[in-house]
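Heavy-atom basis, side chains included; hydrogens, waters and symmetry copies ignored. Just so you know, ligand 1 is whichever comes first in the structure, and atom 1 is the first atom listed for that ligand.
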Amino acid sequence: MCGIFGCVLQKGAVAPLIHSGLKRLEYRGYDSVGIATVFKGRIYLKKDRGKIDEVHARWNLNDLPGKMGIGHTRWATHGAPLQINAHPQVDCSGKVAVIHNGIIENFAELRDELINKNHGFVSKTDTEVIPHLIEENLKTGLDFKEAVREAVTKLEGSYAICVVYSGAPNKIISARKASPLVIGISDKGVCASSDIPTVLPLTNKIIEVNNGEIAVLSEKEVEIRRIESWERISRKPCEITWTLEMAQKQGYPHFMLKEIHEQPSRLQDGLRLQENYLNLLTTFLDRSKEIYLIACGTSYNACVAASYMFSNLCNLITHPVLASEFVEQYGNAVNIDSTILAVSQSGETADVLNAIEYARFRAATILGITNSIGSTLTRVARAYISQQSGPEIGVAATKTFTSQLMVFAQLALHLAKIRGKVSQNQMDYLTEKIQEIPALVEEIIQIQEKKIRKIAKKYKEKACFYFLGRGISTATAIEGRLKLLEIAYIPSIAYPAGESKHGPISLIEQGFPIIFVCPKDSTQKALIGNIMEMKARGGTIIAVVDESNDEIKKLADDYIEIPADIPELWTPIPYVIPLQLFAYYMAIEKGLNPDMPRNLAKSVTVL
Ligand code: G6P
């Protein structure tokens, strides 16, 4: 997601410091950059689309005057990567500038209210409402601090912000709700950032800002208050001993592990999708005669799960197709009545783009789900939606899978509503249950990670694994298999469990490990039959299993429990988590670097 960095120095120019701080965030990926400083009662601002070095070569980011300023790396969520959408965003008067990391869910309502009060908007960002709200509050006579406080109480969603105001030359105000924010205190000045790497050159004395708190930074101190009660909080700085590399990984040994742990918050973002985009995609899907879900790798595995969601909730047939096979397999059948829903984290995978190009030529409708606003996919798609998982650096996709499923689940719910195929009670139940998924994922990581590590140690010498599941768990199984072979280089096989007797079972001998994905769902009885078949031939059973399923727990040699009462169609999100961790720890046990699997690339831009 976006990186924010604000700094008030006691003396000296702040712009070069912010510039070099932002460079330390480059590893996360971004599409635009911007800095604003305050000097002699005026805001000076430079921002543009592109890499920091390019923007610096174009505009010289270092010559902004003043000892106080804010800087931002943007990773587009609302609005394409354009200069106008880059941060800082300003109010009508150009006196208030804001940088933001997060998503303002109610920005459309707030913007309408502000437009009615004659505010002019220039960007497509959700962020732009914030400076205008502050401007409105300043007009009513509130001081800077109170104006920011009043503004943030109106915001729904997630945010970490830094605000500067030309009328307050020595203050940056920061606030936080569900997006990271730390304060750094040094004898040269005080800074606030979303990321520790930016703070490290200045200081290793850090104060955490909690949700619902505001921090007022001045050159020598920071004042922290609860936004709601306005109570002042006294919090001592702690010293961190991280190197730059450790800080970039937020203390995790690998990006992959960091990204696995990030899933609860990314899934929460995935519940903040914009209604109008969901509605638009749903409308296109509803009127399509033939729908192909086209993707590669992990994104394809998410499409397999999605096909179960659409058929079960919406009575809609969708065909998941590997992009590299699409033209040969279905090319001649594609026409004006076909819809392609292309799913690609990067939005740049050559096989996906090639399939889209072919389908476009045959007049099909192109839709997209992607993590990269501004990518080729978003430019060629008639409509698209962001999966909201934030930059993913580990080559093996983890949060991509769960975030894409979060989008698919909401699309299927929207479509089910239009089509009236599901009772109101069932809709309410599914809607309530999808909201619980981020917390469940957190619980699974917290409770099961140690056990999974032990299981990996126990099975590290095994030469091959089976991954089996029935129904929608087939998708979970194929994704678990993909992770293990990608990063631990263990040849593995995934099948729908029912099909395992038609071939794969011939491999089973004493001690052959089979990982079963076992939610308590409609496939349970049949799955137990498959487990028995494997056990009868000496197979060793590892089950990822509903905690209330004692029958399977008794049959398994090892098991990892998942909380009970998760609707069948939502199970791939929590059930894949132990499989991601298993693959990660298998790679560690084998002494491999999970972030850099051999021969693989994060984004494959060749056919
Ligand atoms: C490569 C990556 C995979 C990814 C696949 C599809 O193979 O190594 O992790 O799942 O591409 O990428 P996309 O960006 O299209 O989702």
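Given atom 11 (O) of ligand 1, the protein heavy atom at minimum distance is K602 O, 3.9 Å. Among all protein heavy atoms, the one lying closest to atom 4 (C) of ligand 1 is T298 N, 4.3 Å. What sits closest to atom 9 (O) of ligand 1 on the protein, heavy atoms only, is V395 O, 3.2 Å. Of all protein heavy atoms, the one closest to atom 3 (C) of ligand 1 is E486 OE2, 4.1 Å. The protein atom (non-hydrogen) at minimum distance from atom 6 (C) of ligand 1 is C296 O, 3.5 Å.
Of the possible polar contacts, one joining the R362 side chain to the N332 backbone as a donor-acceptor pair under 3.5 Å is found.
If you number the atoms of ligand 1 from 1 as listed, the ones under 4.0 Å from a heavy atom of S346 come out as 13 (P), 14 (O), 15 (O). Numbered from 1 in the order shown, with element, the atoms of ligand 1 that lie under 4.0 Å from a heavy atom of A397 read 9 (O). Near T349, meaning under 4.0 Å from one of its heavy atoms, ligand 1 places the atoms 12 (O), 13 (P), 14 (O), 15 (O).
Residue contacts with ligand 1, taken as heavy atom pairs separated by less than 4.0 Å, do not involve L600 at all.
Relative to the ring axis of Y585, K590 does not place its NZ or CZ within 45° and under 6.0 Å from the centre. Remark: R382 is not positioned above the aromatic ring of F284, lacking an NZ or CZ atom under 6.0 angstrom from the ring centre and at most 45 degrees off the axis.
Polar contact with ligand 1: present for A601 (N/O pair, distance under 3.5 Å). Annotation: V604 places no N or O atom under 3.5 Å from an N or O atom of ligand 1; distance criterion only. Residue Q404 has no N or O atom closer than 3.5 Å to an N or O atom of ligand 1.
Under the 4.5 Å side-chain criterion, counting only non-hydrogen atoms from C-beta, T474 is not in contact with V517. The side-chain heavy atoms of D53 and K23, taken from C-beta on, include a pair separated by under 4.5 Å.
A salt bridge does not link K399 with E392: every distance from a Lys NZ or Arg NE/NH1/NH2 to an Asp or Glu carboxylate oxygen is 4.0 Å or more. The existence of a salt bridge linking E449 and R453 is excluded, since no basic side-chain nitrogen approaches an acidic carboxylate oxygen closer than 4.0 Å.
Q248 and K258 get closest at one heavy-atom pair: O-CE, 4.0 Å.
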